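Here is the structure we will look at, set down as structure tokens.
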Amino acid sequence: MNKFDYMEKHGFEQLVYFYDKTTGLKGITCIHDTTLGPALGGTRLWNYKNEDEATLDVMRLARGMTLKSAAAGLNLGGGKTVLIGDAETCKSEAYFRALGRFVQSLNGRYITAEDVNTTTRDMEYVNMETDYVVGLEGKSGNPSPFTALGAFYGIKAALYYRFGTDDVTKFSFAVQGAGQTGYYLIKYLLEHKAKKIYFSEINPKHIERMNREHPEVEFVDPDGIYNLDIDVFSPCALGAVLNDETIPKLKAKVIAGTANNQLLDEVKHGEAVKSRGILYAPDFVINAGGVINVHHEIRGYNRDNVIRDVKKIYDRLLEIFKISDKEGIATQQAAKIFAMKRIETIGRIRSNFIP
Ligand code: NAD
């Protein structure tokens, strides 16, 4: 890949490769855009096939973080780190402290956190060498309940926009995946007495937990979830679940869930969902509860303030749905315009000199 062409096309600021000769740590930090504030994004550890695969992944993820934080109203830019290695064998105190030193060398332009294959424990080691790490044990903690809470309010906003009421007792739901976020989302729906809830899962432990704790939530086969006659389909498992094969099957009138990258092709499938009359809550807007939670760690953590900010996802989505209708574009595109406009406007008001 031609990295500078890709950077120019999507407005990337910085791509940093680092290697530690003591531990063999190999990583890449990408800072996409810092107009709104320091770039924040977790550290993902993955056995990438090669350098190009890792580079493309870190750039794609960093850019996603720029949009997510901008749309969430946070003063954060987008960044990400990927480490190339085998999570089973490469982890150690020294490995993560070496990472911490590279993060510190960026002097606050980038703030890291846990992500796939890294844990709050690993971040404790990172924290021994840098101030620029969040999501630590005893601070903001597990983001999933907040991501699910944001999705719950996002679902209510979509229901209100589509049906004129956000009263969940009138609607039926299908939640795909009852892991960290799906489990909490189902809990919130039950607390608010949703009319009917189905769930699909592939992990026997998670199926058993749901059956034991909430037998009224009905299990459906993972392939069967797309055909259900329900009001809301809530993807809370994998990406790319909205595609040529699944979209024609859907009977739901609203799609709103926590999963990242739900549309296989953002433009094509965003349009396909729209043309079927389904209201899609853009993933990076509805699933921002986790980053909102972690952001509060930078400002001084207060749980009530986090909940107050997570609930704002409701109004934000209404605004995005209105842009989509006014401009005649898919909601995913409207969400991007919404995020980019904030970056441009705030960037411009900061352009004057203050002595
Ligand atoms: P998780 O791994 O805890 O849960 C996902 C669940 O989906 C698992 O239980 C898994 O068994 C199940 N699953 C996998 N394939 C499935 C299939 N084909 N059908 C039905 N179930 C299936 O993950 P999570 O933390 O709940 O995250 C879910 C999604 O939300 C991911 O896309 C993640 O990137 C995104 N997300 C999570 C957070 C967060 O705070 N955890 C924040 C933002 C976005």
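Here the structure is a predicted model, which is why all the values come from computation and not from measurement. Whatever order the structure lists them in is the order used to number ligands and atoms, beginning at 1.
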As a quick check of understanding, evaluate side chain to side chain contact (heavy atoms under 4.5 Å, CB included) for Leu149 and Tyr188, giving each step before the final call.
CA-CA 7 Å; Leu149 185 69; Tyr188 298 137; 3.9 Å; yes
Under-4.0 Å protein heavy-atom contact, atom 25 (O) of ligand 1
yes
Could you check whether Asp167 pairs with Lys170 (Lys NZ or Arg NE/NH1/NH2 to Asp/Glu carboxylate O, under 4.0 Å)?
yes
Out of all atoms in ligand 1, which are within 4.0 Å of some heavy atom of Gln180? Include the element for each.
1 (P), 3 (O), 4 (O), 24 (P), 25 (O), 26 (O)
Starting from atom 36 (N) of ligand 1, which protein heavy atom do you reach first, and at what distance in Å?
Thr258 O, 3.6 Å
Is it the side chain, the backbone, both or neither of Leu238 that has a heavy atom closer than 4.0 Å to ligand 1?
side chain
Does a donor on one side chain and an acceptor on the other come within less than 3.5 Å for Asp52 and Thr55?
no
Taking 4.0 angstrom as the limit and counting only heavy atoms of Ala259, give me the atoms of ligand 1 inside it, by number and element.
29 (C), 30 (O), 32 (O), 35 (C)
Side-chain contact test, heavy atoms from C-beta onward, threshold under 4.5 Å: evaluate it for Pro145 versus Tyr183 and give yes or no.
no
Using a heavy-atom cut-off of under 4.0 Å, does the side chain or the backbone of Thr147 touch ligand 1, or both, or neither?
side chain
Side-chain contact test, heavy atoms from C-beta onward, threshold under 4.5 Å: evaluate it for Phe233 versus Leu250 and give yes or no.
yes
Do the ring planes of Phe219 and Phe199 sit parallel (below 30°), tilted (30 to 60°) or perpendicular (above 60°)?
perpendicular
Shortest protein contact, atom 8 (C) of ligand 1 (heavy atom only):
Glu201 OE2, 3.3 Å
What protein heavy atom lies closest to atom 41 (N) of ligand 1? Include the residue and the distance to one decimal.
Ser144 OG, 3.2 Å
Can a non-hydrogen atom of Pro143 be found less than 4.0 Å from any atom of ligand 1?
yes
Find all atoms of ligand 1 within a distance of less than 4.0 Å from any non-hydrogen atom belonging to Ile202, and give their numbers and elements.
11 (O), 13 (N), 14 (C), 15 (N), 16 (C), 17 (C), 21 (N), 22 (C)
Is any side-chain N of the basic residue among Asp315 and Lys312 closer than 4.0 Å to the acidic one's carboxylate O?
no
Nearest-neighbour protein heavy atom for atom 4 (O) of ligand 1, which is reported as residue plus atom name and distance:
Gly179 CA, 3.3 Å
Would you say Gln176 and Ser200 are linked by a side-chain donor-acceptor pair, where the criterion is simply a distance under 3.5 Å?
no
May I ask you to list the atoms of ligand 1 that are less than 4.0 angstrom from any heavy atom of Ser200?
20 (C), 21 (N)
So which heavy atom in the protein is nearest atom 19 (N) of ligand 1, and how far is it from that ligand atom?
Pro222 CB, 3.9 Å
Protein residue, atom and distance nearest to atom 27 (O) of ligand 1, heavy-atom basis:
Thr181 OG1, 3.8 Å
Which residue supplies the protein heavy atom nearest to atom 34 (O) of ligand 1, what is that atom called, and how far is it?
Asn260 ND2, 2.9 Å
Tell me yes or no: between the side chains of Tyr184 and Asn142, is some donor less than 3.5 Å from an acceptor?
no
Which atoms from ligand 1 have a heavy atom of Asn203 less than 4.0 Å away?
11 (O)
Would you mind checking if Asp33 and Arg63 are paired as a salt bridge, meaning a charged N to carboxylate O distance below 4.0 Å?
no
With a 4.0 Å cut-off, would you call Lys49 and Glu53 a salt bridge?
yes
Out of all atoms in ligand 1, which are within 4.0 Å of some heavy atom of Cys236? Include the element for each.
5 (C), 28 (C)
Pair Ile155-Phe173, side chain to side chain contact (heavy atoms under 4.5 Å, CB included): steps then yes or no:
CA-CA 10 Å; Ile155 286 172; Phe173 300 82; 3.7 Å; yes
Identify the closest protein heavy atom to atom 7 (O) of ligand 1: which residue and atom is it, and at what distance?
Ala237 CB, 3.2 Å
Does the N or O separation between Gln176 and ligand 1 drop below 3.5 Å for any pair?
no
